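Remember, predicted model here, so these are calculated numbers, not experimental data. Below, chain A is the first sequence line, B the second, and so on; all start at residue 1.
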Amino acid sequence: MTPYSILIVSPLVFALVVLVGNAVVRNIFTIIFVIGLSALSLGNIALFSISSELHLSHLFHNLFILLDIIVLFYFLWRGVVSKHSLVIILALLQIVLYGVVITLSPKLISSDILVDQISSIMYLVINMVGGIIIVYALKYIESEEFSRLKKNGFIAMLFFFLAVMNFIVSTNNIEIFFLLFELTTLCSYILIGYRNDEVSVKNALKALWMNQIGGVAILVALLVSILQYDTVYFNILIRIIDVNYLLPIVFLAIAAFVKGASIPFDKWLIGAMVAPTPVSAILHSATMVKIAPYLMLKLAPAMSGFVSITVTLIGTFVFFAATLIALSKDYFKEILGYSTIALLALMMSLAAIGTPEAITACILLIMFHAVSKALLFLQAGILEKNFHLKYVNDINGLVNHSKLVVFFIIVGFASLTLPPFGVFIGKFMAIESISKELLMHPLYVFALIFLALGSVVMTLLYFKVVAKLFAKDVDLKLPHVEISKFYTIPSFLLLILLFIGIAISFEREFLSSAQIIVPLVLILLIPILFSTLLFKNAHRVKEYNCGEKDGLKLGMYYFYLTERTTKSISAVSIIGLLILIIGVLL
Amino acid sequence: MIEILLILFAPILGGLVYGFERVVRARMQNRQGPPLLQPFYDMYKLIDKQSFIVNPYHSILGVMHFLTLWAVVAFVILGGNLLYIVFLHLLSVIFIILAGFSVNSIYSHIGSNRELLATLAYEPVLVMLSVGFFMLNGSFDISVIREHTSSIFPLFLLFLAFLLVIPIKLKKSPFDASEAHQEIVGGVEIEFSGVFFEFIYMAKWLEYVFIYLLLLLFAGNNIILGAGLAVAVFFLVNLVDNSTARVKMVHLVKIVLGIGVTLGMLNLLGLGYV
């Protein structure tokens with residue numbers, strides 16, 4: 001058995017195992033299994049040969065076709081049951097297109113499974129970060145009011161998701177890729193609607209039809225690829241593609257934009273907030289949305305000229321626009337959601353640039369964005385469960401109640417913006433590689449401006465929230481709550497991963513050693529100064545308040561975006577996508 | 001060796017510039033003004049003061065602001081990567097902003113808010129400036145930029161954009177709304193006292209060193225041009241400071257972002273074509 005087949009098959013089997021049994025047994029088994037999965041994905045990168053290929057037998061292909069038909073008809077059925085015309089139309093469209101695709105038999109054959117370096121890195125992200133989130137979910141789901149079967153089913157669903165993700169980053173066949181793409185859509189549909197109340201069902205349907213657009217885009221790409229290039233394999237398509245006829249690549253890129261919840265497809269990811277927090281955590285960090293940059297990385301070698309520039313410009317524009325929208329939000333998870341959208345768009349544009357440096361930056365962003373976002377979403381879950389806090393404006397002075405949660409949130413945000421953390425290095429290299437492109441093509445100047453504006457707006461956004469954590473509030477009285485070990489240990493593990501990231505960038509010399517050590521020392525100095533300086537002797541005074549004795553209650557400030565601004569942001573991104581399609585057709 | 005000395009004495013150098021500036025400003029207003037060493041007399045007096053603190057986070061973040069800024073200046077002097085320096089500088093600004101938010105004072109909060117908005121305005125200009133140097137010299141490294149000939153003409157529009165940034169960073173009129181003594185009592189500085197205020201005070205001096213070192217990059221390896229540039233900009237900034245009124249924060253952001261980014265963009269486009 002090769003490592004990748006274990007990574008794909010074992011979570012499927014394990015998903016069936018966790019369905020039965022009581023909570024304690026399930027928890028123990030899950031923790032052991034997650035450790036095993038992480039070890040295997042680590043071992044895969046360290047011990048086994050990086051690239052392996054395999055052609056699946058005819059039986060498997062028929063099985064996949066059957067599965068695909070079942071999934072598509074399930075979507076149709078859901079559409080009919082909930083009387084959602086968009087879902088019905090898109091499902092029918094997909095069934096028709098898929099029917100056409102399976103009747104054609106392209107001649108150029110390659111291997112169905114192709115595990116390369118990027119897949120191995122994706123395994124790490126999916127299994128380690130995803131695994132940690134599942135461990136966190138063990139406790140979280142117990143506090144929901146579900147039946148035992150439904151609680152176990154939730155964990156099982158998450159494992160199923162991991163299996164699908166492990167498979168999707170291993171496949172080289174676009175037909176199989178389409179099946180797995182639809183399966184992740186299915187997973188997200190079920191998980192978002194897990195609470196089964198009115199809002200959940202509505203948002204789950206929204207996620208369904210938006211992701212179906214991605215499915216349609218893949219089918220169109222498949223069709224064009226078969227008719228024009230006589231193949232359904234990524235590696236062959238990329239090798240033989242004609243630079244003047246990049247239509248399949250463009251449609252696959254659009255599928256990536258949909259999965260990555262890029263504006264104008266952002267609403268589904270934001271709607272996913274209604275689900276239990278581990279769902280958001282896993283959607284935003286380890287799974288689902290990470291398909292987008294992964295797919296772009298796969299397509300990167302085939303992108304050139306017009307397509308590369310347009311995708312980069314759309315991506316950087318979305319990066320800027322999404323951070324701007326986030327600035328006007330108050331709901332903690334929504335802020336995190338929009339910053340995910342922004343960073344994903346950045347990853348996609350880096351992949352589209354396609355220089356070795358840009359690709360490294362993209363991979364760094366994929367890895368460390370997953371870790372940082374998982375950490376932040378776990379804290380969002382703790383805030384909701386333990387402190388019943390959802391809005392940033394209410395978290396005033398949390399530092400007096402739970403130093404640990406505040407610490408994690410600060411580290412989470414800091415790791416997304418500041419040196420020497422992985423995401424910072426990614427962004428830093430992004431600016432470097434765009435500057436290099438700028439020498440070739442003047443249009444990249446807009447990408448640079450969007451990137452510069454976007455990253456500073458992002459800093460503004462994050463530290464607006466962090467500042468709120470520090471601010472003292474006279475009114476805030478929270479009951480003392482003990483935070484469960486199931487919540488804190490996963491957070492600590494993610495923290496360790498962040499620092500391992502610094503060690504890796506130190507070793508790989510993404511930055512010079514001084515550039516990594518100096519900020520690290522500076523950040524570590526804060527706790528040291530805190531414990532050594534003797535503040536006991538210092539005189540405490542109250543703030544200068546013009547002689548007023550009443551305590552101040554300081555609120556949060558927002559940046560109000562008018563309806564017109566949000567509409568024009570969507571309009572610009574839709575026009576961008578249209579330009580992409582029309583430009584390639586001409 | 002000389003670099004090490006420069007780094008060690010950077011705060012003192014900044015203090016001298018600051019003292020000299022007060023003299024010049026006073027003469028421009030037909031006043032006698034304080035002696036050149038007045039900033040150091042202030043420092044000496046502050047050491048003696050009893051230290052009052054509002055909360056420990058606040059004081060420590062203030063110290064961190066100073067230390068990070070010192071590291072930034074060290075990187076500039078040692079010829080580090082310009083883009084990286086811009087971001088490390090951002091870290092130092094973030095420390096002081098967080099310090100401002102960590103106390104429950106309305107002036108401190110307004111000051112921090114304004115500081116954040118000011119960062120929003122000038123940060124893209126600094127990033128574009130680094131990219132401009134990169135396109136011209138093929139490297140972000142300051143040591144490489146210093147070896148090349150002067151880039152003031154090819155980067156003239158970016159130089160103008162940088163001139164807009166200087167008053168923000170040095171808290172000079174018309175872009176000094178984030179400090180605005182008469183209005184918000186110094187903004188983030190208000191709650192610092194005694195020894196901890198000394199750090200904020202010295203950080204201010206380091207900011208001078210940082211800005212003028214960046215300015216010198218435009219001169220490249222031409223020392224005479226560099227000296228001339230520094231003197232000319234010094235007088236220009238103080239003249240403008242003395243003769244303009246403070247603009248509102250919203251206008252500051254609009255002016256600096258609008259004009260600065262447009263100038264930067266035109267300059268980069270020009271570099272790409274020529």
Side-chain angles (χ1 to χ4, degrees), chain A residues 399 414 417-419 424 427-428 431-432 434-436 438-442 444-446 448-449 451-453 455-457 459-460 463-464 466-468 470-474 511-512 514-515 518-519 521-523 525-526 529-530 533 535 537-546 551-552 554 557, chain B residues 50-61 63-64 67-68 71 74-75 78 80-81 83-84 87-88 90-91 94 97-98 100-109 112-113 116-117 119-120 123-125 127-128 130-131 134-135 140 185 190-191 193 257 261 264-265 268-269 271-273:
Chain A
V399 69
T417 33
L418 299 179
F424 166 80
K427 265 193 247 172
F428 182 71
I431 296 182
E432 278 191 338
I434 288 184
S435 327
K436 277 177 193 155
L438 194 53
L439 291 169
M440 323 285 179
H441 203 293
Y444 280 105
V445 80
F446 295 105
L448 180 76
I449 291 174
L451 186 54
L453 283 174
S455 31
V456 69
V457 171
T459 315
L460 187 70
F463 287 94
K464 180 182 105 162
V466 170
K468 205 65 200 165
F470 275 119
K472 276 195 180 161
D473 190 335
V474 281
L511 291 178
S512 74
Q515 284 172 339
V518 170
V521 169
L522 285 170
I523 290 169
L525 252 179
I526 301 178
L529 281 180
F530 191 71
L533 286 180
F535 286 107
N537 301 338
H539 287 256
R540 299 296 185 102
V541 285
K542 282 238 175 315
E543 293 89 345
Y544 170 64
N545 206 2
C546 303
L552 275 173
L554 294 167
Y557 59 96
Chain B
Q50 203 174 10
S51 63
F52 287 106
I53 61 165
V54 178
N55 69 50
Y57 309 103
H58 179 248
S59 314
I60 288 177
L61 286 168
V63 177
M64 290 315 297
L67 288 179
T68 314
F75 267 110
L78 292 173
N81 183 312
L83 189 58
Y84 177 82
F87 285 113
L88 196 63
L90 182 63
L91 177 64
I94 281 169
I97 289 169
L98 286 182
F101 276 123
S102 72
V103 289
N104 205 20
S105 150
I106 197 156
Y107 302 107
S108 192
H109 273 234
S112 278
N113 272 343
L116 263 177
L117 283 173
T119 317
L120 173 69
E123 195 70 14
V125 176
V127 171
M128 291 174 99
S130 337
V131 174
F134 169 79
M135 289 176 74
F140 281 109
V185 216
I190 180 172
E191 299 298 339
S193 61
L257 256 191
V261 170
M265 187 179 81
L268 292 184
L269 278 176
L271 280 179
Y273 273 123

Test side chain to side chain contact (heavy atoms under 4.5 Å, CB included) on F87(B) and L418(A); report intermediate values, then the result.
CA-CA 8 Å; F87(B) 285 113; L418(A) 299 179; over 6 Å; no
Heavy-atom distance under 4.5 Å to chain B: side chain of [X], backbone, both or neither?
X	result
F424(A)	side chain
L438(A)	both
L522(A)	both
V457(A)	both
K436(A)	both

Yes or no on side chain to side chain contact (heavy atoms under 4.5 Å, CB included) for V127(B) and L451(A), after CA distance, side-chain angles and deciding distance?
CA-CA 10 Å; V127(B) 171; L451(A) 186 54; over 6 Å; no
Minimal non-hydrogen separation, V456(A) against T119(B), with atom names
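The answer is CG2-O, 3.8 Å.
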For S130(B), enumerate each residue passing the side-chain contact (heavy atoms from CB on, under 4.5 Å) test, keeping only those at least two apart in sequence or located in another chain.
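Here the qualifying residues are L82(B), L83(B), V86(B), F140(B).
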List the residues meeting side-chain contact (heavy atoms from CB on, under 4.5 Å) with T459(A), not counting sequence neighbours, and say none if there are none.
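Testing T459(A) for side-chain contact (heavy atoms from CB on, under 4.5 Å), a comparison that skips the adjacent residues, returns T417(A), F463(A), L90(B), I94(B).
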Below 4.5 Å, heavy-atom pairs only: which of A414(A), P419(A), S435(A) has the largest tally toward chain B?
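The candidate making the most pairs under 4.5 Å is S435(A).
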When rounded to the nearest 0.5 angstrom, what distance separates CZ in F134(B) from CD in E432(A)?
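With rounding to 0.5 Å, CZ (F134(B)) is 7.0 Å from CD (E432(A)).
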Rounded at 0.5 Å granularity, tell me how far CE in M128(B) sits from CD1 in I449(A).
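Those atoms lie 3.5 Å apart.
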Check each atom of M64(B) against the heavy atoms of chain A and say whether the ones under 4.5 Å are side chain, backbone, both or neither.
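Contact with chain A involves the side chain of M64(B) alone.
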